[in-house]
Amino acid sequence: MRKIISRISAIFLLVVSTLSFTTIAKSAEFFTIGTGGPTGVYFQTGNAICKMLHKYATSSEHGRSKANSDKAYRCTAPSTGGSNYNIGQIKEGEFQFGVAQSDWQYHAYNGSSKWEGKQYSNLRAVFSVHNEPFQIWARKKAKVKDFAGLEGKVVNIGNPGSGQRGTMEELMKAKGVSNSFFKSVTELTSSEQVKALCDGKIDAFGYSVGFPNGAMEQAATCGAKALPINLTGSEVQGLISGADYYAQAIIPKGTYTGQKKDVTTFGVKATVVTSADVSEELVYLVTKAVFENFDDFRKQHPAFAPLKKENMIADGLSAPLHPGALKYYKEAGLM
Ligand code: GLU
């Protein structure tokens with residue numbers, strides 16, 4: 001009798017576990033949003049999008065999408081090397097979404113600058129997010145007042161794959177200098193550079209990031225300052241004129257400890273990108289989750305406070321909009 005009972009329960013367990021495995025395998029589809037360093041705003045952006053998606057999915061559809069009741073989407077947003085790394089991973093099919101600077105969205109889609117010979121025409125835009133002024137932060141003892149003062153200094157140009165690295169190199173090109181202009185260059189990540197600056201291991205770093213930003217406040221607290229980046233006529237011609245992905249930018253005085261003046265510079269937009277190969281259903285759902293929980297989304301980081309829906313669907317997007325995003329914008333009357 002005992003044998004029979006244990007056999008029956010073994011069969012029962014097998015059936016139950018097979019059933020639940022099939023249910024899980026069928027119901028959850030995981031996808032990834034590439035972000036940036038853990039102390040930047042991209043990491044918060046990717047995770048805020050995941051949070052909105054999970055909130056939207058559980059509130060409206062009990063974790064299932066409207067279009068296909070077999071599926072529930074689950075999202076992760078790990079920290080990464082930044083813009084160009086994210087676009088590369090989307091191209092490889094490793095990530096489904098990524099946060100990327102508007103200049104690198106443009107260059108990847110058009111096959112220019114770092115993307116020359118590697119054009120990624122299947123790159124698609126979803127929406128843009130916060131402004132990212134390009135900032136050069138210098139430590140107090142380095143006594144640097146502007147870009148010219150960086151001559152002979154130790155400068156972090158950023159890790160390969162980051163947007164900050166690419167944009168620093170574009171700025172250097174416009175200024176007509178190469179690495180040899182500096183005493184030496186480092187390739188630290190965004191999360192390593194502030195400590196290195198405060199410890200005096202580097203004199204300055206160039207970084208494109210949203211504000212206010214906790215890591216930059218840490219730099220300000222150790223006495224470092226963001227320098228204004230003024231471009232002369234030919235430099236403006238070389239860098240920002242005719243380039244829709246760049247704009248003049250200001251970090252208003254008082255943003256950081258000890259910042260008495262507005263810092264004038266140029267900047268980019270943070271944008272969310274995907275691939276033409278990602279399904280319309282998923283992109284629609286991600287877009288809808290952010291736009292239908294907009295007030296909550298804006299509260300996820302102080303850099304999101306000024307966001308407006310109408311700008312997010314227009315500014316800094318040079319790749320075509322993904323059909324899933326377009327579908328939502330039309331349905332919501334935003335387009
Ligand atoms: N703009 C930076 C990059 O693409 C990342 C900034 C951030 O992590 O917030 O490398």
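Atoms considered below: every heavy atom in the structure, side chains included; atoms not considered: hydrogens, waters and symmetry mates. Atoms within a ligand are numbered from 1 in the order they appear, just like the ligands themselves.
Close approach of ligand 1 to Ser162 (heavy-atom distance below 4.0 Å) involves ligand atoms 10 (O). Within ligand 1, counting atoms from 1 as listed, the ones closer than 4.0 Å to a heavy atom of Gln164 are 3 (C), 10 (O).
Counting only heavy atoms of the protein, atom 3 (C) of ligand 1 lies nearest to Gly163 N, 3.3 Å. When only non-hydrogen protein atoms are considered, atom 4 (O) of ligand 1 lies nearest to Ser83 OG, 2.5 Å.
Other residues, nucleotides and ligands place more than 12 heavy atoms under 6.0 Å from the NZ atom of Lys118. More than 12 non-hydrogen atoms from other residues, nucleotides or ligands lie less than 6.0 angstrom from NZ of Lys309. A 6.0 Å sphere centred on NZ of Lys91 holds more than 12 heavy atoms belonging to other residues, nucleotides or ligands.
The cluster map of Ile, Leu, Val, Met, Phe, Trp and Tyr, joined by side-chain heavy atoms under 4.5 Å apart, puts Phe43 and Leu307 in different clusters.
In terms of N/O distances under 3.5 Å, ligand 1 is approached by Glu132. By the 3.5 Å distance cut-off applied to N or O atoms, Val41 is counted among the residues near ligand 1. For the pair Gly210 and ligand 1, the shortest N or O to N or O distance does not fall below 3.5 Å.
Under the 4.0 angstrom criterion for non-hydrogen atoms, Ser208 is in contact with ligand 1.
Remark: Arg165 engages Glu169 in a salt bridge, criterion side-chain N to carboxylate O under 4.0 Å.
Residue Arg165 does not touch ligand 1, judged by heavy-atom distances below 4.0 Å.
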- prompt: What do the steps show when you test Tyr106 against Val268 for side chain to side chain contact (heavy atoms under 4.5 Å, CB included), and what is the final call?
  reply: CA-CA 11 Å; Tyr106 175 91; Val268 293; over 6 Å; no

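Centroid-to-centroid, the aromatic rings of Tyr329 and Phe291 come within less than 6.0 Å.
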